[in-house]
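Structure, as C-alpha cells:
Keep in mind the model is a prediction, meaning the values are calculated, not measured. Note on naming: letters A, B, ... go to the chains in the order of the sequence lines (proteins, then strands), and numbering restarts at 1 for each one.
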Amino acid sequence: MSALSVQDLTVDIETPNGPLRAVNGVGFEAEQGETLALLGESGCGKSMTAQAIVGLLEPIASVTQGSVTLNGTDLVKASRRKRRQMAGPELAIVFQDALTALNPVYTVGTQLAEPFRIHRRMSAKEARGEAIELMRRVGIPHPDKRVDAFPHQFSGGMRQRLLIAMAVALNPTVLLADEPTTALDVTVQAQIMALLKDLRAEREMAVVLITHDLALVAEEADKVAVMYAGHVVETGPVSEVFGDPGHPYTKGLLDSVPVHVARGEELASIGGTPPDLASIPSGCVYQARCPLARQKCRDERPQLKATQGQRKAACHFTEEV
Amino acid sequence: MSNLLEVNDLTKTFDVKDGKLKALDGISLKLGKGETLGLVGESGCGKSTLARTLLMLEKPDAGTVRFDGTDPFALRGKQLLAWRRRVQMVFQDPYGSLNSRMTAGQIIAEPWKTHKHMYANSRDRAARVRELLHLVGLRPSDADRYPQEFSGGQRQRLGIARALALQPDVIICDEPVSALDLSVQAQVLNLLNDLQRQLQVSYVFISHDLSVVRHVADRVAVMYLGRVVEQGPTEAVFERPKHPYTAALMSAAPKLHQADRGERILLKGEIPSPLNPPSGCRFRTRCWKATDICASAAPPLVQDPESKDHGAECHHPMESPRQLALA
C-alpha cells in the first residue's frame with residue numbers, strides 16, 4: 001500500500017467572479033522510502049496541491065472533491081483534531097522560505113522542542129535535549145550553543161536545515177518539501193538535498209518534492225508527476241518519463257533546458273504562456289501551445305491513461321510525441 | 001578582438017556597522033564588442049556590486065575601468081551623459097523594474113527624456129517605440145498597454161526594449177531569466193542571442209545558473225568573496241575547471257542527463273562573511289585541497305596550458321579535467 005495516495009483532488013478558489021479551479025482532479029501515489037516529484041511551472045497548482053494535502057489552504061481556497069489517504073485516514077474528511085494529531089508524526093512539510101516559516105521571536109531550540117512537547121509530552125529539559133540532538137543530526141555546528149539562538153542569526157542554508165529538522169522530528173510517514181532549495185545557492189542546495197536523501201533512507205519516509213527544476217527531479221526523484229494548469233498531464237518513473245516523454249508539454253520542458261546546445265544556437269522553447277485559470281479552454285489544457293494540437297484536442301479533454309508499464313499520459317496523441 | 005570594456009584591479013569597500021566590507025577586491029575583466037561575459041558566483045560574491053560599478057552607480061576605491069579607451073569616472077557633463085547612453089541594464093525582476101503607472105510605450109520612451117538629442121520629434125519617437133516592440137517580439141499595438149497586462153516573459157521583453165532604446169554598446173543583464181519559467185526562459189535567451197547578432201551589442205550576463213551561462217557566454221568569470229577566482233573562454237572553464245571552487249560549483253549543479261553527472265563534490269560549510277574573509281586563499285575554509293600555504297599566502301595565477309586566456313588563482317589547481325577528489 002502506498003504511504004500517501006491522492007485521488008481526484010480538486011481545489012477551488014473563491015473569487016468575486018466565481019470559483020476558479022486551481023487544482024483539477026490531481027492524483028498520485030507516494031511510496032515509502034521513495035521520492036515523488038511534483039513538477040511544474042509557476043501557477044500550475046503544485047504548491048496548492050501540497051497545501052491541500054497538509055490542510056494549509058488559504059481560507060478562500062477549499063478542497064471540493066477527491067481524497068488524500070495517509071495510513072488509512074482520508075485527510076480531506078478528517079476532523080481538525082485528527083489532523084492536528086497527524087501533523088508531525090505522520091505528515092510534515094518543509095517550506096521554501098525558511099525565514100518566514102520560522103517564528104522570529106522564539107529561539108530555534110524552543111521551536112524544535114515544540115513537537116516533542118506537544119506530541120510526546122516531554123518535559124522542557126528532555127525536549128531541549130531532543131532539539132539539540134536533531135540540530136546535530138541535520139548538520140548544524142555547535143548545536144548545544146546554537147540552540148538558544150534566534151532564526152535571524154542563522155544563514156539561509158542553516159535555516160533550511162532547521163526547518164527540515166523540525167519536519168522530521170517525529171519521524172513522519174510522508175514528508176512534503178515545497179521548493180526546499182529554490183532560495184539557496186547551488187553548493188548549499190547540494191548539501192540540503194544530500195541531507196534529505198539521507199534522512200529519507202534512515203527514516204523510510206515517502207518524500208513529495210515540489211519543484212520547477214527538471215534537473216533536480218532527474219537527480220533526486222524516483223517518480224514524477226508533471227503538472228500543467230491544475231492537471232497532472234504525465235506521470236511515471238523519472239528515468240522513463242524524461243527518457244521518452246509521453247506528453248508534448250514534458251517534451252517541451254525537457255527541450256527548453258539549455259544543455260548540449262552550442263553557444264548562439266537557437267534553444268527550443270514552448271511558444272506562448274500557460275493559460276489563465278479563468279480562461280482554461282475546454283478540451284486539452286495544453287492545446288494553445290501544443291505542436292500536435294488538432295480538432296480532437298479542442299473538443300475533448302484527454303484523461304490520464306496508462307501508456308506503458310507504470311506510465312500514464314493525458315494526451316490524445318501520446319504515441320506521436 | 002579589441003576590448004570594449006576593460007576593468008583592472010577594481011576594489012570597492014563599504015563601511016558598514018560592523019566594520020569594512022570588501023565587496024570587490026582586485027577585480028580584472030575584459031569584454032570585447034559583440035561578446036558576452038558570464039559572471040558566475042553565489043550570493044554575496046560581489047557580482048551585483050561589480051555590475052553597479054560598471055554602470056557607475058558605485059565609485060570604486062581603487063582600480064580602473066576603461067570603456068572604449070576612456071575612463072568613465074573622469075567624465076563630466078555632456079561627455080558623461082553620452083557615456084551613460086552606451087551602458088544599459090536589464091533587471092532580474094520583471095515586475096519590480098517596470099513602473100505600473102506608465103504604458104509600455106512610455107516606459108520605452110522614457111530614456112529619451114534625458115537623451116533628448118536622439119529623436120527630433122514625437123512622431124519619430126513613436127515610430128521607434130513601435131520598431132523596438134517589434135524587435136523584441138511584442139506587437140506595436142502593445143505600446144498602449146500597461147506592464148500588468150503582460151506576462152512575466154513579455155515584461156522581460158519590455159525591459160530589454162527599454163535597455164535597447166538608447167542603442168547601447170553594453171547591456172548588463174542581472175539574472176535576466178531567473179524569475180521566468182523554463183519554457184519562457186528559453187524564449188528570452190533566444191531573443192538576447194538574436195539581438196546580439198543583429199546589433200553587435202555586448203552583454204555582461206550575471207547568473208547563478210551554470211547551464212544558462214554556458215549557453216550564452218563567450219567568456220566566464222567565476223567570483224568568490226569579492227574576487228574573480230577563475231576566468232577564461234566558456235568551454236575551457238567548463239571543460240577544464242582549474243579552481244576547486246569552479247569544479248565544486250559545477251558538480252553541485254543538478255544535471256538533467258545521467259552522462260553529465262560526475263561524482264559530486266559536497267563542500268563544507270557556507271560562504272564566509274565578506275566582513276572577515278579568510279586569509280590567504282579565501283576559499284580555503286571550504287576547500288578539500290587546502291594546506292597550510294593556503295592560509296598564509298595569496299594564491300598565484302595558474303594558466304591553463306591548453307588555453308592561454310584561461311587561468312585560476314589557486315595553490316593546488318585541479319589537474320585532470322575531472323579530478324574530483326572528495327572532501
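Across P258(A) and H215(B), no two heavy atoms sit closer than the pair CB-CB, 4.0 Å. Taking each heavy atom of G272(A) and R289(A) in turn, the nearest pair found is O-NH2, 3.0 Å. Nearest heavy-atom pair, G45(A) versus T49(A), reported as atom, atom and distance to 0.1 Å: O-OG1, 2.7 Å. The minimum heavy-atom distance between A50(A) and I210(A), with the atom names listed, is CB-CD1, 3.3 Å. Here the shortest heavy-atom pairing between A229(A) and V285(A) reads CB-CB, 4.2 Å. Nearest heavy-atom pair, E42(B) versus V186(A), reported as atom, atom and distance to 0.1 Å: OE2-N, 3.6 Å.
Side-chain N/O atoms of T187(A) and R286(B) include a donor and acceptor closer than 3.5 Å. Using a 3.5 Å distance cut-off with no hydrogens or angles, the side chains of Y249(A) and E41(A) do pair a donor with an acceptor. Between S251(B) and E263(B), the side chains place no donor N or O within less than 3.5 Å of an acceptor N or O (distance only, hydrogens not considered). For the 3.5 Å distance criterion, the side chains of D97(A) and T100(A) qualify, holding a donor opposite an acceptor. For the residue pair H310(B)/E230(B), the side-chain donor-acceptor check at 3.5 Å is satisfied.
Heavy atoms closer than 4.5 Å to chain B are found in both the backbone and the side chain of L254(A). In this structure, the portion of S151(B) lying under 4.5 Å from any heavy atom of chain A is its side chain and not its backbone. Residue contact with chain B, scored on non-hydrogen atoms closer than 4.5 Å, involves the side chain of Q189(A) exclusively. Of the atoms belonging to Q154(B), not a single heavy atom falls under 4.5 Å from chain A. Both the backbone and the side chain of M158(A) have a heavy atom closer than 4.5 Å to some heavy atom of chain B. Contacts between V259(A) and chain B at a heavy-atom distance below 4.5 Å involve the side chain alone, from C-beta outward.
Residue-level contacts of residues 235-247 of chain A with chain B, in order of numbering, are F242(A); threshold 4.5 Å between heavy atoms. Within residues 205-213 of chain B, the residues that have a heavy atom under 4.5 Å from a heavy atom of chain A are S211(B), V212(B), listed by number. Proximity to chain A at a heavy-atom threshold of 4.5 Å picks out D181(B), L182(B), S183(B), V184(B), Q185(B), A186(B) from residues 176-186 of chain B, in numerical order.
Other residues, nucleotides and ligands contribute only 12 or fewer heavy atoms inside 6.0 Å of the CD atom of Q258(B).
Taking the six-membered ring for Trp and the full ring otherwise, the centers of Y224(B) and H243(B) sit at least 6.0 Å from each other.
Sorted by first and then second residue, the pairs that involve residues 184-195 of chain B and meet salt bridge (Lys or Arg N to Asp or Glu O under 4.0 Å), not counting sequence neighbours, are D194(B)-R197(B).
Between Y228(A) and Y286(A), the ring planes are perpendicular. Angles over 60° get that label, and only those under 30° would be called parallel.
Between R219(B) and E35(B) no salt bridge is recorded (no basic side-chain N to carboxylate O distance below 4.0 Å).
Of the residues considered (D213(A), L214(A), D185(A)), D185(A) shows the highest number of contacts with chain B, using heavy-atom pairs under 4.5 Å. Put simply, of H212(A), E266(A), E219(A), E220(A), the one with the most heavy-atom pairs under 4.5 Å next to chain B is E219(A). Of all the listed residues (H260(A), R263(A), M193(A)), the one sharing the greatest number of non-hydrogen pairs under 4.5 Å with chain B is R263(A).
Partner of T35(A) under the side chain to side chain contact (heavy atoms under 4.5 Å, CB included) criterion, chosen from L209(A), L196(A), L175(A), V208(A): L209(A).
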